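The shown structure was predicted, so the numbers you read here are calculated from the model rather than taken from an experiment. Any value given below was found using the heavy atoms of this structure, including those in side chains, with hydrogens, waters and symmetry copies removed.
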Amino acid sequence: MKAEHIAIIGGGNLGASIAEGLVQTHFISPEAITVTRRKTRLIQHLAELGINISNNNVEAAAKADIVIVAVQPKQMHDVLLEIRPILDPEKHVLISTAAGFTIRDIREVVGNKVSVMRAMPNTAIAIQQSMTCIASDNSSDEQKEMVTSLFDKLGKTAFIEEDLMESATALGACGIAFALRYIRATTQGGIEIGFEADLAQLIATQTVKGAASLLLEKSRHPEEEIDKVTTPRGCTIAGLNEMEHQGFSSALIKGVITSYSKIAKLQD
């Protein structure tokens, strides 16, 4: 089972990133993707890639078999109500990227027959490096394989229970910002010890990329790799201990939990 046409309802940062990533993977031709936004001038750069752009959600969804709704949670109900009349259980797979808007919430609007999934990618999807978590209730194995193959082209995927979707948002989607803030902070440290800003950022960024690649490619625990560079009385352990004294790990953990708590409140 392969997607013939994909509609992305909502051409904001995430929706546009998904479209850009799909074009780069050649998973589907640009002409088979439609992205909608009220002000189409804001997604004109997608049209330059050959992607269809529109401000008509109904038309876009009607000709697609995969409909990705990438709007803010507060907009979800109205958008789903708008496209509900044309959703066909025999044709459509509906995917929501809205945090805090459950499958049950979606079904209250669109009914129980159409296939519904939730997906939580992050903005690295634009360069095929997203971590995308997916949840579903009644989708067929074929439909799951089709959606998995789509997001596998854009990074790594994991099917999870829906009650972990808010946690996935905090860890994976918000996590992009946490990682980038770390890079920014180490860049600032690099400037203070003598590097020009652009070189400091390059060193910090490549170092983080290398660290992540070590874990992904070798399936190691972080502490295994840390032990390799922490010699007795060395500079690395001295820096790590100072960061811990200043609350480094604790601050990161609290940040993840705070983001999760904020998302969880959307469901109350």
Side-chain angles (χ1 to χ4, degrees), residues 12-14 17 72-73 97-101 118-127 129-133 135 155-158 160-268:
N13 290 334
L14 182 56
S17 293
Q72 296 179 15
T97 65
F101 208 90
R118 292 179 64 191
M120 185 47 60
N122 57 45
T123 52
I125 205 163
I127 56 167
Q129 292 296 327
S130 176
M131 179 64 231
T132 302
C133 292
K156 294 187 179 295
T157 62
I160 62 173
E161 295 298 321
E162 192 191 3
D163 60 7
L164 285 173
M165 286 302 291
E166 280 59 55
S167 301
T169 304
L171 193 59
C174 301
I176 280 281
F178 304 154
L180 291 170
R181 182 57 60 88
Y182 167 82
I183 292 171
R184 176 58 182 155
T186 52
T187 297
Q188 289 174 308
I191 295 168
E192 189 162 344
I193 61 176
F195 288 103
E196 295 293 332
D198 56 348
L199 183 54
Q201 181 172 310
L202 173 63
I203 294 171
T205 303
Q206 180 60 35
T207 300
V208 169
K209 182 180 180 181
S213 297
L214 279 172
L215 302 185
L216 288 169
E217 294 177 18
K218 294 187 176 183
S219 299
R220 299 279 178 80
H221 190 283
E223 290 301 327
E224 290 184 69
E225 297 299 331
I226 289 172
D227 287 345
K228 293 178 181 178
V229 292
T230 49
T231 54
R233 298 182 180 179
C235 58
T236 304
I237 191 63
L240 283 173
N241 285 343
E242 180 61 23
M243 290 179 193
E244 292 303 322
H245 290 321
Q246 298 298 327
F248 178 70
S249 292
S250 178
L252 284 174
I253 293 166
K254 287 180 179 178
V256 171
I257 294 171
T258 299
S259 289
Y260 168 79
S261 298
K262 180 73 171 181
I263 297 161
K265 286 180 181 177
L266 294 173
Q267 295 183 288
D268 295 341

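- Heavy-atom contacts from other residues, nucleotides or ligands closer than 6.0 Å to NZ of Lys228 number more than 12.
- Residue His221 holds its NE2 atom at 8.5 Å from CD1 of Ile226, rounded to the nearest 0.5 Å.
- Of all heavy-atom pairs between Met120 and Ala173, the closest is SD-CB, 3.8 Å.
- Nearest approach of Ala170 to Ser259, heavy atoms of both residues: CB-CB, 4.1 Å.
- Considering all non-hydrogen atoms of both residues, Thr186 and Ala204 come closest at OG1-CB, 3.4 Å.
- Here the closest heavy-atom approach between residue Ala135 and residue Glu162 is recorded as CB-CA, 3.8 Å.
- Within a 6.0 Å radius of CZ in Phe178, other residues, nucleotides and ligands contribute more than 12 heavy atoms.
- More than 12 heavy atoms of other residues, nucleotides or ligands shown are found within 6.0 angstrom of CG on Asn241.
- Although no hydrogens or angles enter the test, the distance criterion places no donor-acceptor pair under 3.5 Å between the side chain of Ser130 and the main chain of Ala126.
- Taken from OG in Ser213 to CD in Gln206, the straight-line distance is 8.0 Å, to the nearest 0.5 Å.
- Separation of atoms NZ (Lys218) and CD (Glu224) is listed at 10.0 Å; rounding is to 0.5 Å.
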Practice item. Decide side chain to side chain donor-acceptor pair (under 3.5 Å) for Glu242 and Gln246; before the verdict, give the C-alpha distance in whole Å, the side-chain angles of both, and the deciding distance to 0.1 Å. Key: CA-CA 6 Å; Glu242 180 61 23; Gln246 298 298 327; 3.0 Å; yes

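- Distance CD/Glu225 to CG/Leu215: 6.5 Å, rounded to 0.5 Å.
- In this structure Thr207 satisfies the side-chain contact (heavy atoms from CB on, under 4.5 Å) test together with Ile203, sequence neighbours excluded.
- Other residues, nucleotides and ligands place no more than 12 heavy atoms under 6.0 Å from the CZ atom of Arg181.
- What you find for Pro121 and Thr97 is that their closest heavy atoms are CD-CG2, 4.2 Å.
- In this structure, the side chains of Thr187 and Ile191 come closer than 4.5 Å at one or more pairs of heavy atoms.
- Between Thr169 and the options Asn122, Leu164, Ile263, a side chain to side chain contact (heavy atoms under 4.5 Å, CB included) holds for only Ile263.
- A search for side-chain contact (heavy atoms from CB on, under 4.5 Å) contacts involving Val229 returns Thr236, not counting sequence neighbours.
- The distance from atom CZ of Arg118 to atom CZ of Phe101, rounded to the nearest 0.5 Å, is 9.5 Å.
- Here the NZ atom belonging to Lys209 is positioned 7.5 Å from the CD atom belonging to Gln129, to the nearest 0.5 angstrom.
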